[in-house]
Amino acid sequence: MPELPEVETIRRDLEAEVVGRTITSVSTDWPKTVADPPFELFEGLLPGKKIKAIKRRAKNLIIELDGQYLLIHFKMTGHMIVADASKLHKDHWDEADSSSNLADRVNQFIHLVFYLDDGRVMALSDLRKFARVRLFAKEQLDEHLSGLGPEPLEAGFTFKVFKEQLAGKKGAIKKILLEQDVISGIGNIYADEILFESRIAPQRLVPDLKENELKAIYDNIRKVLAKAVKLRGTSTSDFRDASGAKGEFTEVRKVYRRTGEPCPNNCGGLITRMKIAGRSSHYCPNCQK
DNA sequence: TGCAGTGTTGCTTC
DNA sequence: CGAAGCAACACTGC
């Protein structure tokens with residue numbers, strides 16, 4: 001789930017908690033988590049590396065080490081936990097926590113652990129095991145990120161840039177908002193929320209959108225994402241911040257996963273779900289035209 | 001019980 | 001070229 005607001009929440013937490021620490025060792029129960037280099041090499045390269053900074057580009061978290069960069073893409077269910085090492089058992093991934101709430105049983109889904117020099121760990125929890133970690137030199141990192149579209153919350157993302165990015169696009173606006181080379185960082189939750197706030201139906205084709213409609217979408221991309229960052233993300237499923245807390249956008253989201261509920265605009269319509277480009281889209285057929 | 005559905009992305013196929 | 005399907009996994013909910 002981690003989209004821009006969730007990855008940014010993780011980034012801020014890690015920046016506060018682990019910058020300046022040195023990695024003492026690494027451990028895994030799912031070596032495929034490390035895509036490059038192979039884990040046998042990876043685990044030998046990291047001990048002794050100091051964490052210099054924590055950055056984010058699109059939905060990627062970037063941990064800057066001495067001259068190298070750890071890039072983590074969380075895909076569907078990945079997130080980072082910082083805790084005292086004593087909270088992890090030696091065989092922590094074989095131990096089920098007592099909580100009945102699946103997503104709170106963090107230990108069970110930890111697949112990669114960075115032990116730190118202050119007795120804590122920085123751990124990747126990932127129920128579905130789709131997350132991937134890569135270790136890069138600067139040039140490789142830049143190359144890896146080179147195809148991404150603009151960061152929607154940065155000053156450079158103007159209405160003019162937005163329209164340039166949409167030039168030549170022919171598909172449904174919902175589908176285009178999810179394309180990371182058009183705008184980076186938006187996923188299924190926030191695409192639905194942005195279109196609801198903009199009163200635009202998700203299946204509307206980009207070439208048919210009028211200037212004022214494009215402006216509404218542009219404004220709401222920034223408003224919705226900024227609000228979600230402020231509220232530390234959405235936890236309709238497993239997302240947790242580095243301390244294990246849920247994101248508060250979950251409570252204020254208006255359409256995502258609210259199929260059948262009354263429209264929050266009190267228009268009398270019901271939130272409807274439809275598939276667009278293979279993805280669930282939630283919207284109010286009454287308000288969104 | 002079984003199976004469709006789930007936040008992402010990239011690869012394959014047509 | 002684009003669009004669609006699917007795979008990578010594990011769990012939820014109908």
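Per chain, numbering begins at 1; letters A, B, ... match sequence-line order.
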Applying side chain to side chain contact (heavy atoms under 4.5 Å, CB included), name anything that partners Asp66(A), two or more places apart in sequence or on another chain. Lys49(A), Lys50(A), Lys52(A)

Under the ring pair (Phe, Tyr, Trp, His ring centres under 6.0 Å) rule, collect the residues that match up with [X], sequence neighbours excluded.
| X | result |
| --- | --- |
| Tyr256(A) | His282(A) |
| Phe74(A) | none |
| Phe136(A) | His144(A) |

Taking only residues two or more places apart in sequence or in another chain, which ones pass side chain to side chain donor-acceptor pair (under 3.5 Å) with Gln180(A)? none

Qualifying salt bridge (charged side-chain N to carboxylate O under 4.0 Å, His left out) pairs, either residue in residues 262-289 of chain A, two or more places apart: none

Which residue pairs pass the side-chain hydrogen bond (donor to acceptor under 3.5 Å, both in side chains) test with at least one member in residues 197-207 of chain A, sequence neighbours excluded? Glu197(A)-Lys254(A), Ser198(A)-Asn220(A), Arg204(A)-Glu213(A)

Strictly below 4.0 Å, heavy-atom distances to any atom of DNA chain B: list the hits from residues 253-263 of chain A, or just say none. Tyr256(A), Arg257(A)

Treat a base pair as Watson-Crick or G-U wobble with both distances under 3.5 Å, then lay out DNA chain C in dot-bracket form, 5' to 3', with | for cross-strand pairs. .|||||||.|||||

If you look only at pairs with a residue in residues 44-63 of chain A, which of them pass as a ring pair (Phe, Tyr, Trp, His ring centres under 6.0 Å), with sequence neighbours excluded? none

What string of B, S and - do you get for nucleotides 4-10 of chain C, 5' to 3', when a contact is any protein heavy atom under 4.0 Å? ----BBB

Please list each protein N or O that sits under 3.5 Å from an N or O in nucleotides 11-14 of chain B, with the distance.
none

